[in-house]
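As structure tokens, the structure follows; a few thoughts come after it.
Whatever order the structure lists them in is the order used to number ligands and atoms, beginning at 1. The structure presented is a predicted model; accordingly, all values stated were derived computationally and were not measured.
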Amino acid sequence: MSRSAELDLGLVVTGHGRHYTVETPEGTRLHCTPRGKKSECVVGDRVRWMPTSTGEGVIEAVEPRRNLMHRQDEWKTKSFAANLDQLLVLVAAEPVFSESQLARALIAAEAAGIPAAIVLNKADLPAIAAARERLAPYAAMGIAVHELALKARPDASRAVLAPLLAAKATLVLGPSGTGKSTLINLLVPDAGAQIGEVSRALNSGRHTTTTTQWYWVDGARSTALIDSPGFQEFGLRQIDAAALPRLMPDFREPSTHCRFYNCTHVQEPGCGVLAAVERGAISASRHRIYCEIREELARSRY
Ligand SMILES: Nc1nc2c(ncn2[C@@H]2O[C@H](COP(=O)(O)OP(=O)(O)OP(=O)(O)O)[C@@H](O)[C@H]2O)c(=O)[nH]1
Ligand SMILES: [Mg+2]
Ligand SMILES: [Zn+2]
């Protein structure tokens, strides 16, 4: 057994810079800092830590991860959550969502090997019909789309979410104004308490969520929601452009029927993907989004 296996185990529930809040198996939360670069971690990480004389902790090692989600800014790709069971993308009837953002989130999840589902909120609004129509290609490719009204029909919404989330760690992502906070507040009544003094101190008094945060839904601490800001910038740069069709379920099969083995599915003759677009099996907007992302990936190679 390695030396680190003898240390206490903990779960990273939030972090800010090199400051983390770690939860012990007994449920106590404490402030930890990593020993060196090797022990830099993200929310969802299981870590080995050692207590200091001042009641804080030093993270000595990060346990192997099952999966890892990335986001990116203009300059670099950064990981932000690990060891997830599923991704829940929250969109709403209003404001109108960006299909490109939705598609990118689903590709990022697929690339990380994390199952994803879509929640369409605000089913009480008339704009729900148009939103449902825009999601039809996603439902058709086998992604579960759950219609909810988190504020207008909270009990019915909770009944839909409970079996979906039970005993899993679910990352909730979505653009601003779709109902992420409404969802957290509905399912985690003591969210404020869970953020706690340690995390509030790390967040340096800001009111909006600026960091990724792990919440327990149940007292037994088996069902978790992970709230994360910043839906815009998804870390797709690590993906190889040629692998993109495999990460888009509606492209997978058609992309195996191209005349050229190195077909890019943009404009080649005899392309299986373009044929699928032609007959409506792939939506025109999905193909447009594919071309857009492909172009970006190709550009970032040089
Ligand atoms: N009509 C309707 N409005 C809702 C529903 N659920 C949430 N809302 C409203 O939508 C608005 C945004 O909800 P939030 O939960 O704050 O959204 P958010 O995703 O946390 O937004 P950000 O914090 O900006 O990212 C609020 O005014 C909610 O009251 C719903 O089921 N129906
Ligand atoms: Mg919010
Ligand atoms: Zn092709």
query = Going by atom types only, do S228 and R71 share a side-chain donor-acceptor pair under 3.5 Å?
reply = yes
note = So the atoms of ligand 1 within less than 4.0 Å of a heavy atom of G179 turn out to be 13 (O), 14 (P), 15 (O), 17 (O), 18 (P), 19 (O)
request  = Specify whether an N/O/S atom of C258 falls short of 2.8 Å from the Zn ion (ligand 3).
outcome  = yes
task = May I ask you to identify, for N121, whether its side chain, its backbone, both or neither come under 4.0 Å of ligand 1 on a heavy-atom basis?
result = side chain
inquiry  = Starting from atom 1 (N) of ligand 1, what is the nearest protein heavy atom, named by residue and atom, and what distance separates them?
reply    = D124 OD2, 2.9 Å
ask   = Are the side chain of K180 and the backbone of L90 linked by a donor-acceptor contact shorter than 3.5 Å?
value = no
query = Any idea how H265 and Y290 line up, ring-wise: parallel (<30°), tilted (30 to 60°), or perpendicular (>60°)?
reply = tilted
request  = Compute the shortest N/O to N/O distance between L148 and ligand 1 and return yes if it is under 3.5 Å, no if not.
outcome  = no
inquiry  = Looking only at protein heavy atoms, which one is nearest to atom 12 (C) of ligand 1, and what is the separation?
reply    = G177 O, 3.6 Å
inquiry  = At a threshold of 2.8 Å, where the distance has to be below it, does the Mg ion (ligand 2) have an N, O or S atom of S176 nearby?
reply    = no
inquiry  = Can you name the atoms of ligand 1, numbered from 1 with element, that are less than 4.0 Å from a heavy atom of L125?
reply    = 1 (N)
message = Are there over 12 heavy-atom neighbours, none belonging to R252, within less than 6.0 Å of that residue's CZ?
response = yes
task = Specify the protein heavy atom at minimum distance from atom 22 (P) of ligand 1: its residue, its atom name, and the distance to 0.1 Å.
result = S176 OG, 3.5 Å
inquiry  = Looking only at protein heavy atoms, which one is nearest to atom 23 (O) of ligand 1, and what is the separation?
reply    = S181 OG, 4.0 Å
message = Between W214 and E23, is there a side-chain donor-acceptor contact under 3.5 Å, judged purely by atom types and distance?
response = no
ask   = Is the side chain of N121 donor-acceptor paired with the backbone N or O of T178 at a distance under 3.5 Å, no angle test?
value = yes
task = Mind reading off the angle at the Zn ion (ligand 3) between the SG atom of C271 and the ND1 atom of H265, rounded to 10°?
result = 110°
request  = Give the contacting part of T182 toward ligand 1: side chain, backbone, both or neither, where contact means a heavy-atom distance below 4.0 Å.
outcome  = both
request  = For ligand 1, note which part of L183 has a heavy atom under 4.0 Å away: side chain, backbone, both or neither.
outcome  = neither
message = If I compare all heavy atoms of A241 with all of R294, which pair ends up nearest, and what's the gap?
response = CB-NH1, 3.8 Å
ask   = Any N or O on L150 sitting closer than 3.5 Å to an N or O of ligand 1?
value = yes
request  = Starting from atom 29 (O) of ligand 1, find the nearest protein heavy-atom neighbour and note its residue, name and distance.
outcome  = K151 CD, 3.0 Å
task = Would you mind listing which atoms of ligand 1 come within a distance below 4.0 Å of any non-hydrogen atom of A149?
result = 31 (O)
Modelled atom types, side-chain donor and acceptor of E292 and S100, under 3.5 Å = yes
inquiry  = With the threshold set strictly below 4.0 angstrom, can you tell me whether any protein non-hydrogen atom sits that near atom 3 (N) of ligand 1?
reply    = yes
key: D85 side-chain N/O to T170 backbone N/O, donor-acceptor pair under 3.5 Å   = no
request  = Pull out every atom of ligand 1 sitting under 4.0 Å from any heavy atom of T178, numbered as shown with elements.
outcome  = 17 (O), 19 (O)
Could you list the donor-acceptor pairs under 3.5 angstrom formed between side-chain atoms of residues 149-167 and any protein atom two or more places apart in sequence or on another chain?
{"residue": "D155", "atom": "OD1", "partner": "R158", "partner atom": "NH1", "Å": "3.2"}
{"residue": "S157", "atom": "OG", "partner": "A149", "partner atom": "N", "Å": "3.3"}
{"residue": "S157", "atom": "OG", "partner": "A149", "partner atom": "O", "Å": "3.0"}
{"residue": "S157", "atom": "OG", "partner": "R153", "partner atom": "O", "Å": "2.8"}

task = Compare K180, R153, K122 and give the one whose heavy atom is closest to atom 10 (O) of ligand 1.
result = K122
key: NZ or CZ of R286 within 45° of F251 ring axis and under 6.0 Å   = no
request  = Tell me, please: is A152 in heavy-atom contact with ligand 1, that is, under 4.0 Å?
outcome  = yes
ask   = Got a salt bridge between R104 and E99, using NZ or NE/NH1/NH2 to carboxylate O under 4.0 Å?
value = no
